[in-house]
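Here's the structure, in structure tokens; my notes come after.
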Amino acid sequence: MKIESLEPAKTSIQVIERMVALLDALANYSDPVSLKELSKVSGLHPSTAHRILNDMVITRFVDRVEPGTYRLGMRLLELGNVVKSRLSVREAALDFMRALHKKTQQTINLSVRQGDEIVYIDRAFSERSGMQVVRAIGGRGPLHLTSTGKLFLSVDEPKAIRAYATRTGLAGHNKNSITDLAKLERELSLVRARGYARDNEELELGVRCMAAGIHDDSGKLIAGLSISAPADRLQEEWLEDLTGTAAQISATLGYMPPL
């Protein structure tokens, strides 16, 4: 009796696996694909592939362009848009942030841009991180003095960067703060070349940060993920973990880096 009760579930899972194999195969092609090719790529017998494709055509997961050729259907786009509308960057990032904090034992910040400032929207930290300053959720920082802020400035046009400098006066917080436009422009050039940004005690003495960008499915920079640590404890090997984590969050949001 137990074996018989498991058989329908096993069959259902097998059908789902075959559907996914066909969808994955279709995703590899920009043009309509023949049944023969889909059968070959998915490893399914042509009759099995044909039967499942017909069912997915009915449910609009697949479009039949002409007899014997198929492409991904609009239903997938509709469902993708529903998922996108319900998924915030904070929800996408939180588990990844906790994992990164567990590995580094340092404060992990998630920040977004609002005007001429960044706003901290979430963090993962513990008392053991040894941070002199832990930015509260909702706290703000100037773009030019923060690692995440530099990420956002680096994607601005030169004219917008100069306008920012005029509006803010590039006010500094301490002797390490960048308060000169030419120096800021050189710093932003480095950010573009490296793909990440740093704050070397420019916002708070004794605190250093490194940040990597989070992008949405359109490629837009929507947030920054940063590690904050006492200046003498920030380790360069964390940079790979940071950029990898930011890439994972971006992928969760649908971002596909250019080839």
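Val20 has its side chain out of reach of Glu17: every pair of non-hydrogen atoms, C-beta onward, lies at least 4.5 Å apart. At least one side-chain heavy atom of Met97 sits under 4.5 Å from a side-chain heavy atom of Leu225. When side chains are defined from C-beta on, Met19 counts as touching Met56, because their heavy atoms get closer than 4.5 Å. Counting heavy atoms from C-beta outward, Val112 and Tyr120 have side chains that stay 4.5 Å or more apart. Using a 4.5 Å heavy-atom threshold, the side chains of Thr148 and Leu110 count as separate. Within the 4.5 Å cutoff, the side chain of Tyr196 has heavy atoms near those of the Leu239 side chain. Within the 4.5 Å cutoff, the side chain of Ile137 has heavy atoms near those of the Arg123 side chain.
Note on residues 25-37: pairs passing side chain to side chain donor-acceptor pair (under 3.5 Å), not counting sequence neighbours, are Tyr29-Glu37. Sorted by first then second residue, the salt bridge (Lys or Arg N to Asp or Glu O under 4.0 Å) pairs that include residues 154-171, not counting sequence neighbours, are Arg113-Asp156, Asp116-Arg167. Counting only residues at least two apart or on different chains, the salt bridge (Lys or Arg N to Asp or Glu O under 4.0 Å) pairs with a member in residues 235-255 are Lys103-Asp241, Arg198-Glu236. Residue pairs meeting the ring pair (Phe, Tyr, Trp, His ring centres under 6.0 Å) criterion with at least one member in residues 209-253, sequence neighbours excluded: His215-Tyr255. Identified under the ring pair (Phe, Tyr, Trp, His ring centres under 6.0 Å) test for residues 37-61, with sequence neighbours left out: none.
For the residue pair Ser111/Asn109, the side-chain donor-acceptor check at 3.5 Å is not satisfied.
Under the rule for a side chain to side chain contact (heavy atoms under 4.5 Å, CB included), the partners of Gln114 that lie at least two apart in sequence or sit in another chain are Val119, Arg140. Qualifying side chain to side chain contact (heavy atoms under 4.5 Å, CB included) partners for Val155, counting only residues two or more places apart in sequence or in other chains: Leu221. For Asp63, there are no side-chain hydrogen bond (donor to acceptor under 3.5 Å, both in side chains) partners at least two apart in sequence or on another chain. Residues satisfying the salt bridge (Lys or Arg N to Asp or Glu O under 4.0 Å) test with Arg75, not counting sequence neighbours, are Glu78. Residues passing the side chain to side chain contact (heavy atoms under 4.5 Å, CB included) test with Ala25 are Leu38, Val41, sequence neighbours excluded. Glu201 is linked by a side chain to side chain contact (heavy atoms under 4.5 Å, CB included) to Asn176, Leu205, Arg208, Ala231, counting only residues two or more places apart in sequence or in another chain.
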Which donor-acceptor pairs under 3.5 Å do the side chains of residues 177-191 make with protein atoms, sequence neighbours left out?
| unit_1 | atom_1 | unit_2 | atom_2 | d |
| --- | --- | --- | --- | --- |
| Ser177 | OG | His173 | N | 2.9 |
| Ser177 | OG | Asn174 | N | 3.1 |
| Ser177 | OG | Asn174 | O | 3.3 |
| Ser177 | OG | Glu202 | O | 2.8 |
| Asp180 | OD2 | Ala182 | N | 3.2 |
| Asp180 | OD2 | Lys183 | N | 3.0 |
| Glu187 | OE2 | Lys150 | NZ | 3.0 |
| Ser189 | OG | Glu185 | O | 3.1 |

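Side chain of His144 to main chain of Ala171: a donor-acceptor pair is present (N/O by atom type, distance under 3.5 Å, no hydrogens or angles). Looking only at distances, a side-chain donor or acceptor of Ser39 sits under 3.5 Å from a matching main-chain atom of Leu44. Arg192 places a side-chain N or O within 3.5 Å of a backbone atom of Ser154 that can act as its donor or acceptor partner. A donor-acceptor contact shorter than 3.5 Å is absent between the side chain of Tyr70 and the backbone of Val57.
Taking all atoms of both residues into account, the shortest heavy-atom contact from Ala92 to Leu253 is CB-CD2, 3.8 Å.
Val65 and Leu53 fall into different hydrophobic clusters, defined by Ile, Leu, Val, Met, Phe, Trp and Tyr side-chain heavy atoms under 4.5 Å apart, directly or through other members. Follow the hydrophobic side-chain contacts under 4.5 Å out from Leu94 and you never reach Ile121; the two are in separate clusters.
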